[in-house]
Amino acid sequence: MRLFAAVLPPDAAVAELAARVEALRALPGADGLRWTEREGWHFTLAFYGEVAEEVLPELHTRLARAAHRHHPHELRLAGGGRFDDRVVWVGVDGDSEAMRRLADSAEAGGRRAGVPMDRHRPYHPHLTIARARTRSARSAHHRPTTGLAPYVDGLADFASQEWTVGELSLVRSHPPDPGVPGRQPRYEAIAAWPLGH
């Protein structure tokens with residue numbers, strides 16, 4: 001199964017972000033982006049990819065230990081940015097260093113459990129809200145159809161209420177239905193561990 005470790009923002013913060021995203025979706029050209037669904041909004045801590053069933057017990061043990069070693073911390077959704085002209089994301093304000101340490105532990109836990117991981121990259125907490133639609137992947141131009149700067153500008157003054165990150169979740173990604181345009185993966189939290197316990 002396709003798995004990742006994540007922090008899931010609470011409903012109140014999601015609702016505040018949803019109101020801002022609604023305004024962004026009203027901007028000219030917004031239909032040129034693929035907007036992520038609010039039910040799937042999350043902060044990926046470590047991406048494990050396809051994980052064999054027999055690795056799960058050890059992964060659970062390692063993630064429980066990782067959660068135990070980290071204390072709850074305060075965050076809020078705040079501001080935004082983009083990765084090139086491909087992705088629009090919302091960032092965080094608050095104890096982002098605690099979030100980075102939690103991500104490092106979730107990644108290390110996956111490695112120790114035997115999950116083949118990509119090489120380590122510095123963690124950048126972000127919640128993806130939209131992706132650029134590209135013309136055909138085989139197209140010589142391969143340029144996004146929509147510039148992302150207006151959407152990033154529209155997030156500049158955004159800040160949700162603060163909340164306490166209190167658990168580490170293991171999330172399963174179900175692929176979108178084949179042959180249905182615009183369908184997105186569905187995410188299912190299959191386990192969670194409280195921080196500091």
Side-chain angles (χ1 to χ4, degrees), residues 3-25 27 30 33-48 63 66-110 117-118 120-132 148-173 184-185 187-189 191-197:
L3 300 175
F4 59 90
V7 164
L8 307 177
D11 292 342
V14 167
E16 289 175 300
L17 177 57
R20 179 59 61 100
V21 168
E22 185 91 8
L24 296 178
R25 291 182 78 155
L27 293 174
L33 299 175
R34 286 185 301 121
W35 295 88
T36 58
E37 296 170 359
R38 83 187 254 177
E39 297 78 27
W41 286 346
H42 63 271
F43 290 93
T44 301
L45 296 172
F47 181 72
Y48 303 127
L63 292 178
H68 176 74
R69 285 195 303 271
H70 295 272
H71 296 293
H73 53 278
E74 303 301 310
L75 280 186
R76 69 167 40 96
L77 302 175
R82 61 186 172 153
F83 295 132
D84 301 321
D85 274 324
R86 298 176 296 115
V87 171
V88 180
W89 49 264
V90 172
V92 296
D93 196 12
D95 197 349
S96 57
E97 188 52 43
M99 186 96 138
R100 282 189 191 90
R101 289 192 301 268
L102 183 60
D104 288 346
S105 289
E107 181 179 308
M117 306 280 293
D118 289 339
H120 178 76
R121 290 189 200 115
Y123 182 69
H124 183 274
H126 67 281
L127 185 157
T128 299
I129 59 167
R131 291 182 175 84
L148 303 183
Y151 307 99
V152 175
D153 292 346
L155 290 166
D157 65 345
F158 174 73
S160 75
Q161 62 185 274
E162 194 171 68
W163 89 89
T164 300
V165 175
E167 65 182 22
L168 164 65
S169 296
L170 182 62
V171 180
R172 181 176 184 179
S173 174
Q184 297 184 15
Y187 302 114
E188 172 193 12
W193 298 272
L195 300 186
H197 294 282

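Position 1 is the first residue of the sequence, and the numbers go up from there. Just so we're clear, the structure is a prediction, and the values are computed from it rather than from any experiment. What's counted below: heavy atoms across the whole structure, side chains too, no hydrogens, waters or symmetry copies.
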Grab the two heavy atoms, one from [X] and one from [Y], that are nearest each other, plus how far apart they are.
| X | Y | result |
| --- | --- | --- |
| V152 | R82 | CG2-CB, 3.8 Å |
| R69 | S105 | NH2-OG, 4.0 Å |
| G154 | L24 | CA-CD2, 3.8 Å |
| L127 | P9 | CD1-CG, 4.0 Å |
| A132 | L33 | CA-CD2, 3.7 Å |
| V7 | E167 | CG2-O, 4.2 Å |

Under 3.5 Å donor-acceptor, [X] side chain and [Y] backbone:
| X | Y | result |
| --- | --- | --- |
| H70 | L195 | no |
| W35 | A30 | yes |
| R76 | Q161 | no |
| T36 | T128 | yes |
| S160 | L77 | yes |
| Y123 | A46 | no |

Report the distance from atom [atom1] of [X] to atom [atom2] of [Y], rounding to the nearest 0.5 Å.
| X | Y | atom1 | atom2 | result |
| --- | --- | --- | --- | --- |
| H71 | H68 | NE2 | NE2 | 8.5 Å |
| W163 | E16 | CH2 | CD | 10.0 Å |
| S96 | R101 | OG | CZ | 9.5 Å |
| I129 | Y151 | CD1 | OH | 10.5 Å |

Could you go through E39 and Y187, starting from their C-alpha distance and side-chain angles, then the distance that decides it, and tell me whether this counts as side-chain contact (heavy atoms from CB on, under 4.5 Å)? CA-CA 8 Å; E39 297 78 27; Y187 302 114; over 6 Å; no
Do the side chains of R25 and E22 get close enough for a salt bridge, i.e. N-O under 4.0 angstrom?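 No.
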Closer than 4.0 angstrom, basic N to acidic O: yes or no for R38 and D11?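 Answer for the salt bridge query: no.
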Carefully, step by step, assess W89 and L155 under the rule side-chain contact (heavy atoms from CB on, under 4.5 Å). CA-CA 9 Å; W89 49 264; L155 290 166; over 6 Å; no
Would you please test D85 and R131 for salt bridge (charged side-chain N to carboxylate O under 4.0 Å, His left out) and show each step? CA-CA 9 Å; D85 274 324; R131 291 182 175 84; over 6 Å; no
Does any part of the side chain of F4, heavy atoms only, come nearer than 4.5 Å to the side chain of R172, both counted from C-beta? no
In sequence, state the C-alpha distance, the side-chain angles, and the governing distance for L3 and V171, and then conclude on side-chain contact (heavy atoms from CB on, under 4.5 Å). CA-CA 6 Å; L3 300 175; V171 180; over 6 Å; no
Should E107 and L45 be marked as a side-chain contact (heavy atoms from CB on, under 4.5 Å) after you check the CA-CA gap, both sets of side-chain angles, and the distance that decides it? CA-CA 7 Å; E107 181 179 308; L45 296 172; over 6 Å; no
Could you check whether F43 and H126 have their ring centres less than 6.0 Å apart? no
Looking only at the side chains, is there a donor atom on one of H73 and T164 sitting less than 3.5 Å from an acceptor on the other? no
